[in-house]
6 protein chains.
Amino acid sequence: MSTLRPATVRPVEEAEATGKVAEIFADIKQTKQIDFVPNMWRVLATNPLQLELVWNTLKPLMHPEAVGRTPALPPQTREIIALAVSATNGCRYCVNSHTTAVKKLGLSNEALGEVMAIVGLFNMTNKLADGYQIEPDVLPPLE
Amino acid sequence: MSTLRPATVRPVEEAEATGKVAEIFADIKQTKQIDFVPNMWRVLATNPLQLELVWNTLKPLMHPEAVGRTPALPPQTREIIALAVSATNGCRYCVNSHTTAVKKLGLSNEALGEVMAIVGLFNMTNKLADGYQIEPDVLPPLE
Amino acid sequence: MSTLRPATVRPVEEAEATGKVAEIFADIKQTKQIDFVPNMWRVLATNPLQLELVWNTLKPLMHPEAVGRTPALPPQTREIIALAVSATNGCRYCVNSHTTAVKKLGLSNEALGEVMAIVGLFNMTNKLADGYQIEPDVLPPLE
Amino acid sequence: MSTLRPATVRPVEEAEATGKVAEIFADIKQTKQIDFVPNMWRVLATNPLQLELVWNTLKPLMHPEAVGRTPALPPQTREIIALAVSATNGCRYCVNSHTTAVKKLGLSNEALGEVMAIVGLFNMTNKLADGYQIEPDVLPPLE
Amino acid sequence: MSTLRPATVRPVEEAEATGKVAEIFADIKQTKQIDFVPNMWRVLATNPLQLELVWNTLKPLMHPEAVGRTPALPPQTREIIALAVSATNGCRYCVNSHTTAVKKLGLSNEALGEVMAIVGLFNMTNKLADGYQIEPDVLPPLE
Amino acid sequence: MSTLRPATVRPVEEAEATGKVAEIFADIKQTKQIDFVPNMWRVLATNPLQLELVWNTLKPLMHPEAVGRTPALPPQTREIIALAVSATNGCRYCVNSHTTAVKKLGLSNEALGEVMAIVGLFNMTNKLADGYQIEPDVLPPLE
């Protein structure tokens with residue numbers, strides 16, 4: 001319906017997926033409890049190895065319960081990291097996707113504002129530290 | 001002792017600070033419960049307005065208790081955002097400073113590994129989304 | 001009128017602003033001598049503290065006359081820095097906003113070309129310096 | 001004397017430069033009125049075409065008087081752009097080099113603080129604009 | 001036909017180009033064997049010096065045959081570098097342009113997937129190395 | 001011997017590695033045909049899952065022969081992509097590591113100069129395209 005291209009390659013349709021791609025598409029929908037395959041995964045599927053490697057990295061980190069792992073961080077914190085990275089990188093698809101995800105996990109718009117304010121603040125201080133090439137303070141011994 | 005310069009400008013010594021700079025240095029030490037002024041703030045003090053603006057932005061966001069504000073996010077999550085931003089930007093001073101801070105707040109090296117793995121993961125997916133110019137999925141209505 | 005969402009959150013309408021948000025909206029319009037509140041500030045207003053912190057940082061730096069401060073740099077140079085940063089970061093909203101601003105301050109398209117050519121040049125040399133990990137030249141003593 | 005490598009390749013010594021490289025080295029020293037060839041150019045000289053292309057781009061933009069060109073921007077503004085880009089990119093060599101240059105052109109440490117504060121500010125707002133995916137305000141017609 | 005502005009400045013039409021701009025437009029079309037001037041060059045032409053400097057840098061590197069130079073790298077590898085840089089920077093125009101170019105040079109969508117997977121991978125490891133501030137391994141002597 | 005910390009965490013020594021970490025360390029040494037474990041992997045090992053996920057992504061992409069896969073790109077091109085990404089990101093560890101790797105694969109310093117010149121060029125054009133917000137040229141139909 002849009003005049004924008006969905007990507008620089010034609011995303012793989014769910015109906016045309018076979019073999020490993022079809023399996024991963026099914027796993028994505030079940031693990032994420034959604035009834036469609038997001039554009040990201042349909043695009044990665046144009047190279048099945050790529051699809052597999054990215055999913056195999058994301059699944060245990062972001063859906064630890066699906067692999068029987070006990071995570072160190074709660075789900076909302078994990079998605080907030082994803083959003084902080086995406087905002088810092090200015091990635092349009094990712095900001096949209098992870099904002100939707102943090103809201104699903106209960107973050108209000110005002111709390112989102114706190115996340116963004118902190119992201120903005122440290123982008124400012126990062127550039128000040130780099131812009132002056134400030135040396136680290138005396139460092140504590142490594143443990 | 002080091003042959004590295006501490007910065008591209010000479011940081012203001014605590015002993016030579018006067019007026020507003022001295023006040024802010026004292027506030028930083030008290031608010032952060034530390035007994036020295038980190039290099040960052042000593043460098044910003046070469047322009048007192050700059051010191052004031054950055055501190056006035058950081059203090060209510062990262063030390064909300066000092067201004068009687070109830071934050072939306074717990075302290076460790078706020079520092080994790082700072083670290084995720086700093087790692088994404090590759091800021092040396094900031095990575096050192098915020099790693100020290102999250103450890104002080106109780107994050108183990110293994111949990112730090114989970115933070116970094118998630119930061120790394122989404123830097124990967126961000127570049128894949130941008131590298132293919134993937135369009136956002138159908139968007140939920142705004143609230 | 002557009003099918004693009006204005007942001008990942010619904011911007012606060014001027015008509016619905018109250019209290020501190022309404023005050024800052026009024027101050028923005030008066031300080032910037034404009035008759036509408038730009039999308040940026042309407043979005044930041046979804047978290048009033050965020051709105052306040054960003055405005056309190058931007059106002060004295062970019063509108064020093066409004067706070068009785070004598071700036072070190074002329075207005076056009078300050079906006080050129082804003083544009084150079086925004087181009088380097090590839091920030092769409094910011095490039096549009098700061099290009100409009102530098103043109104209002106009298107920069108011709110040809111002079112804008114000089115700004116951009118210099119921005120492009122140093123993005124090239126930055127990556128060459130980093131790509132070879134070139135050490136700084138002998139450094140002058142700090143003053 | 002340092003244990004740090006000067007770069008990932010061995011910089012070309014002035015004494016060993018011949019042909020086009022020697023000519024460009026001489027032109028750099030004369031144009032910049034310095035008595036040594038900075039590390040940057042000695043490293044680029046490991047591929048003479050690279051040296052030539054970068055110098056041919058930088059010379060007319062940053063030393064317009066040497067090619068009889070009337071620039072749109074004054075020298076200090078041009079160097080401030082270089083520094084703003086370098087701080088935003090966090091490029092160590094470049095920050096050191098362009099800070100030295102703006103100081104040579106008369107910028108005080110306090111004025112440098114204003115530059116940095118503005119660079120920091122817009123890195124913050126850039127990330128807020130991207131982090132919320134804020135749409136540009138209504139755009140003025142192109143001229 | 002689109003409601004999107006083509007750029008923040010009005011691109012120079014081929015029909016209105018004169019002098020050096022017209023010459024470079026003709027050279028671009030002949031060198032690239034295309035029958036139109038891409039938006040990029042039409043925008044750069046708003047400052048003729050800028051157009052000239054960028055074209056004079058790009059032509060010998062990306063079209064070495066046009067200047068009688070023997071390149072070190074084959075054409076597809078050169079375009080893959082362009083795409084890897086553009087994906088890492090998230091540059092929309094550039095990703096579209098260089099994806100078109102690598103496909104013209106025979107890269108299949110599956111091979112493009114390998115390029116992107118490698119780009120994504122090293123963006124991940126880059127941020128891990130920076131996020132932990134990992135020191136370089138023992139370095140081989142410079143040649 | 002250095003006063004620099006090797007990282008913000010203590011890298012795992014080869015001698016203290018057990019279980020899955022020891023297995024991966026052995027696989028890294030055998031696959032890469034080296035007799036030590038680079039700092040990168042020793043640091044990632046502070047969280048064994050992280051070590052596993054990164055190695056499982058890197059191994060099939062960069063050492064396809066070790067998993068019986070036929071790659072689309074030759075080894076030198078793959079390492080050149082790694083270096084182009086690392087230079088663009090300014091990642092110190094990564095630039096050192098991938099420069100060593102491309103040299104091992106036979107790239108001369110002059111050819112490295114061609115890689116860097118192309119990396120620099122497209123970082124320049126990327127920022128020009130973003131700095132002017134140039135719209136993509138008419139797009140070819142997707143295949």
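As the structure is a prediction and not an experimental result, all values here were calculated from the model. Letters A, B, ... mirror the listed sequences (proteins, then strands); counts begin at 1.
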Heavy-atom distances under 4.5 Å only: say whether D:Leu58 touches chain C with side chain, backbone, both or neither. both
Give, as side chain, backbone, both or neither, the part of C:Thr46 having an atom under 4.5 angstrom from any heavy atom of chain D. side chain
Supply the atom-to-atom distance C:Leu61 CG to D:Ile118 CD1, rounded to the nearest 0.5 angstrom. 5.5 Å
Determine yes or no for a side-chain-to-main-chain donor-acceptor pair under 3.5 angstrom, with D:Glu135 supplying the side chain and C:Ala7 the backbone. no
Which portion of C:Ser86 sits near chain D, non-hydrogen atoms under 4.5 angstrom: both
D:Leu73 portion near chain C, given a 4.5 angstrom heavy-atom threshold: both
Checking C:Met40 against chain D: side chain, backbone, both or neither under 4.5 Å from a heavy atom? both
Do the side chains of D:Gln76 and C:Thr77 get nearer than 4.5 Å, heavy atoms only? no
Are any of the side-chain heavy atoms of C:Leu44 and D:Tyr132 separated by less than 4.5 Å? yes
Please look at D:Val115 and chain C and tell me whether the side chain, the backbone, both or neither of the residue comes under 4.5 angstrom of a heavy atom of that chain. both
Top residue by heavy-atom pair count (under 4.5 Å) with chain C, among D:Ala84, D:Ala111, D:Ala129? D:Ala129
Using side-chain contact (heavy atoms from CB on, under 4.5 Å) as the criterion, point out the one residue from C:Asn123, C:Leu128, C:Thr125, C:Asp130 that pairs with D:Cys91. C:Asp130
Mark yes or no for whether D:Asp137, through its side chain, and C:Asn39, through its backbone, hold a donor-acceptor pair below 3.5 Å. yes
Student check: side-chain heavy atoms of C:Phe122 and D:Met62 closer than 4.5 Å: yes
Would you mind checking which part of D:Pro71 comes under 4.5 Å of any heavy atom in chain C, side chain (CB onward), backbone (N, CA, C, O), both or neither? both
Please classify the contact of D:Gln50 with chain C as side chain, backbone, both or neither, using a heavy-atom distance under 4.5 Å. side chain
